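Heads up: the structure comes next, in structure tokens.
None of these values were measured; they are calculated from a predicted model. The chains referred to below are lettered A, B, ... by the order of the sequence lines, with proteins before strands, and numbering in each begins at 1. Hydrogens, waters and symmetry mates play no part in the numbers below; they use all other heavy atoms, side chains included.
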There are 2 protein chains.
Amino acid sequence: MAVSVKEVAAEAGVSVGTVSNVLNRPQVVSERTVDKVAAAIEKLGFVRNDAARQLRAGHSRNFGLVVLDARNPFFMDVTQGAQRRALDNGYTVLMGSSDSSLTTEGQLLDLFEEQRVAGVLISPMHSDLSRLWKIRDSGTPVVLVDRGSGDRSFSSVSVNDVEGGRIAAQHLVDLGRKRIAFVGGPQSIEQVQHRLEGAQSIIAGTADAVLQYLPTAQLTVLEGRAVGERILAMEPEQRPDGIFAANDLLALGILQALVMSGSLSVPEDIALVGYDNIAFAESAVVPITTVRQPAEEIGRTAVDVLLREAEAGEDAVREQFVFTPKLVIRESTVGADNAS
Amino acid sequence: MAVSVKEVAAEAGVSVGTVSNVLNRPQVVSERTVDKVAAAIEKLGFVRNDAARQLRAGHSRNFGLVVLDARNPFFMDVTQGAQRRALDNGYTVLMGSSDSSLTTEGQLLDLFEEQRVAGVLISPMHSDLSRLWKIRDSGTPVVLVDRGSGDRSFSSVSVNDVEGGRIAAQHLVDLGRKRIAFVGGPQSIEQVQHRLEGAQSIIAGTADAVLQYLPTAQLTVLEGRAVGERILAMEPEQRPDGIFAANDLLALGILQALVMSGSLSVPEDIALVGYDNIAFAESAVVPITTVRQPAEEIGRTAVDVLLREAEAGEDAVREQFVFTPKLVIRESTVGADNAS
DNA sequence: TTATGAAAATGAATCGTTTCAATCACCCGA
DNA sequence: TCGGGTGATTGAAACGATTCATTTTCATAA
């Protein structure tokens, strides 16, 4: 059914080698022949078989990208940035979501290995990078996304999460909040861990401020809503007056629960800070103060690094990019009244 | 660098054919041999080369999915549903976003053809399906997603958009709104066109109700905000008192502009209805009334249909699934006061 | 002991593209 | 007219997994 170079060659009255040359290095082929072959391709509707091409090349022109949660707009933005930059260099990006599951993460990596991707971009779950070591040893470059590589053994493009945690906590403290809650989890996700650490460091250095940790199983709106319910059910004297959520989805969920109840108001009773600055944080019931990460730029940069590593091969230099997060202040901490 | 079946065969002391059998039909191989081969695979870290496998098979085990906008949570949900169902059947889904550009849509289809995908799922831009005909003629099944196939020449999984438009407009009319605005575009997107038609049919049948069309170039939050500005700038007497936005992103943007201005309130001055029921519609400044589409189910069903077509080959039966949309009423039309 | 058949294992051919050493065509200067 | 050189073209080998017709092995019945 499918047309192959062989048939194109027959139609154009040339050899298969020539057809291949027309496809890949037209400058070495005479103009007349290029035209003949182009006509044959057009006539027969020939489409290159990428599998055969890859087989010969030994690897594909796809990068594999593993994100923690495809439904989180933050990761969609990262993906978008990566996709575009890759496309500009003749590569495509296969995106998979690990959904914070180690098993799924492994399956995706299996898949990418079978597909012989030209490189792996991954926002890994935890600190055991042995699987990634193996992949790189087999010749496939790996770049960590949204997560630093402690020992610099991998290239990475990340944001300083500890600093992000500090910024958020400091902001709450500056507003005079004393009973701060950190919402997020699982702790096995390093980003969450670091944001918590940052917050802890600020609270520890602040007189009579206390930090309580409200763990969640995932970083979703639904989990956020559940935490909101839990907060509503607390005794007033132990209820937090400032909440730092590990991402905007959680913050959105918490906000929803609080607002729907009608008994607690944001930011008067509870000030709320999120993380990521997804587009929807701005259009929330109460626009959410958040810590901005340059999502698209992270994606773009990660692909750039990967391209360089792929280019360099064996003796590639590891690069560490660390962006600095920025606080975006909105009504969920400062209130519309105070703001204007 | 990479280990091939040949080396595994040597290590295990068997032939390559046997290794392949162990991989694909272990039941025809003696248990002892299976163990030997498994040990060799483990020892050498062998990973199947999918390109070679595909080359032989003539097609891959990937489906290609083209959505209109990867950043729209609605399509992410569709993708998620498709991804999961595909994975359960041993397939994977390559997702690409056409970003409402015909050129990009074409590029993605080129890519999918080169990759010899086992099937195409597409939310096509316009009604010229000739490209899709060609793809199907070459033996690759095609299923339209979120869009019916007028003449039933393609299988499709969609939602009745005309009905959705009717529901939304009827709701606004029932609330006593007379000057209705439809926001959305480009009209080349059939879904938008149909929703508009539905709204028109209701308005046409309602005494002294008028419909004005506010076109947009895309269905994004940003465009929505621009429309919001435009509405704010209108003379009060020609300003709409009810808005039907072609999707929730637009609605969110419009809402943002109106609320930020502080001069017009929702729903008192303007009632607002969106479309899709994305998760963020519920957590908006004013929770948005919207028309729900069963996103994940659409994705799942589409893959089911594709699997059946792929199975059946030539003489596949075309299937048309049309879901019925449902109105989800929230404060953007009914107001918190009236609601409780 | 030998014949018989089932089970297991083999290995060559195949998929479609790319690469590269070898060949061919052609022009120019001697 | 011939040799040398350049540019264009050729065709066979290679990539790695799968398939299938063939061969080998082995247990059992005669």
Quiz prompt | Evaluation steps, salt bridge (charged side-chain N to carboxylate O under 4.0 Å, His left out), between A:Asp88 and A:Arg300 | solution = CA-CA 11 Å; A:Asp88 289 345; A:Arg300 281 201 302 272; over 6 Å; no

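- Defined by atom type and a distance below 3.5 Å, a donor-acceptor pair is missing between the side-chain atoms of B:Ser101 and B:Asp99.
- B:Glu7 places a side-chain N or O within 3.5 Å of a backbone atom of B:Ser4 that can act as its donor or acceptor partner.
- For A:Thr79, the side-chain contact (heavy atoms from CB on, under 4.5 Å) partners at least two apart in sequence or on another chain are A:Leu65, A:Val67, A:Gln83, A:Met95.
- Of the residues in residues 12-20 of chain A, those lying under 4.0 Å from DNA chain D by heavy-atom distance are A:Val14, A:Ser15, A:Gly17, A:Thr18.
- Side-chain contact between A:Glu296 and A:Val78 is absent, with no heavy-atom pair separated by less than 4.5 Å.
- As a whole-Å value, the separation of B:Arg61 CZ from D:dT18 P is 12 Å.
- B:Arg48 contributes no side-chain N or O that forms a donor-acceptor pair with the base of D:dA17 under 3.5 Å.
- The side chain to side chain contact (heavy atoms under 4.5 Å, CB included) test with B:Val157 singles out one residue from B:Val322, B:Val145, B:Val305, and that residue is B:Val305.
- A straight line from CD of A:Gln54 to C1' of D:dA17 spans 14 Å, rounded to a whole angstrom.
- Judged by distance alone, with hydrogens and angles left aside, the side-chain atoms of A:Ser149 form no donor-acceptor pair with the main-chain N or O of A:Ser155 at under 3.5 Å.
- Side-chain contact, A:Gln191 with A:Asp146: a donor N or O sits under 3.5 Å from an acceptor N or O.
- Counting any heavy atom pair closer than 4.0 Å across all strands shown, B:Asp50 reaches no nucleic acid atom.
- The shortest side-chain heavy-atom distance between B:Phe63 and B:Val120 does not fall under the 4.5 Å cut-off.
- Here the C1' atom of nucleotide D:dC15 and the CG atom of B:Leu55 are 9 Å apart, to the nearest Å.
- Mapped onto DNA chain C by nearest heavy atom, B:Arg56 and A:Lys6 fall at different nucleotides, with B:Arg56 at the one closer to the 5' end.
- If you measure from atom CZ of B:Arg53 to atom C1' of D:dT19, you get 13 Å, rounded to the nearest angstrom.
- Per the geometry, CG belonging to A:Asn21 stands 11 Å off P belonging to D:dA8, to the nearest Å.
- At a non-hydrogen distance threshold of 4.0 Å, B:Arg25 from residues 25-36 of chain B come into contact with DNA chain D.
- A cation-pi contact, defined as under 6.0 Å to the ring centre and within 45° of the axis, is absent between A:Arg318 and A:Phe154.
- A nucleotide of DNA chain C counts as in contact with chain B when one of its atoms lies under 4.0 Å from a heavy atom; the first and last such, 5' to 3', are C:dA8 to C:dG16.
- Residues A:Gln320 and A:Ser156 have side chains that bring a donor and an acceptor to within less than 3.5 angstrom of each other.
- Side-chain atoms of B:Thr301 come within 3.5 Å of backbone atoms of B:Glu297 as a donor-acceptor pair (strictly under, hydrogens ignored).
- For the helix from C:dT1-D:dA30 to C:dA30-D:dT1, the axis fitted to the five pairs at one end and the axis fitted to the five pairs at the other end meet at an angle of 60° (nearest 10 degrees).
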Cut-off 3.5 Å, no hydrogens considered: what does the side-chain donor-acceptor table look like for residues 37-50 of chain B, sequence neighbours left out?
from, atom 1, to, atom 2, distance (Å)
B:Lys43, NZ, B:Glu11, OE2, 3.0
B:Arg48, NH2, B:Asn24, OD1, 3.2
B:Asn49, OD1, B:Ala51, N, 2.8
B:Asn49, OD1, B:Ala52, N, 3.4
B:Asp50, OD2, B:Gln54, NE2, 3.0

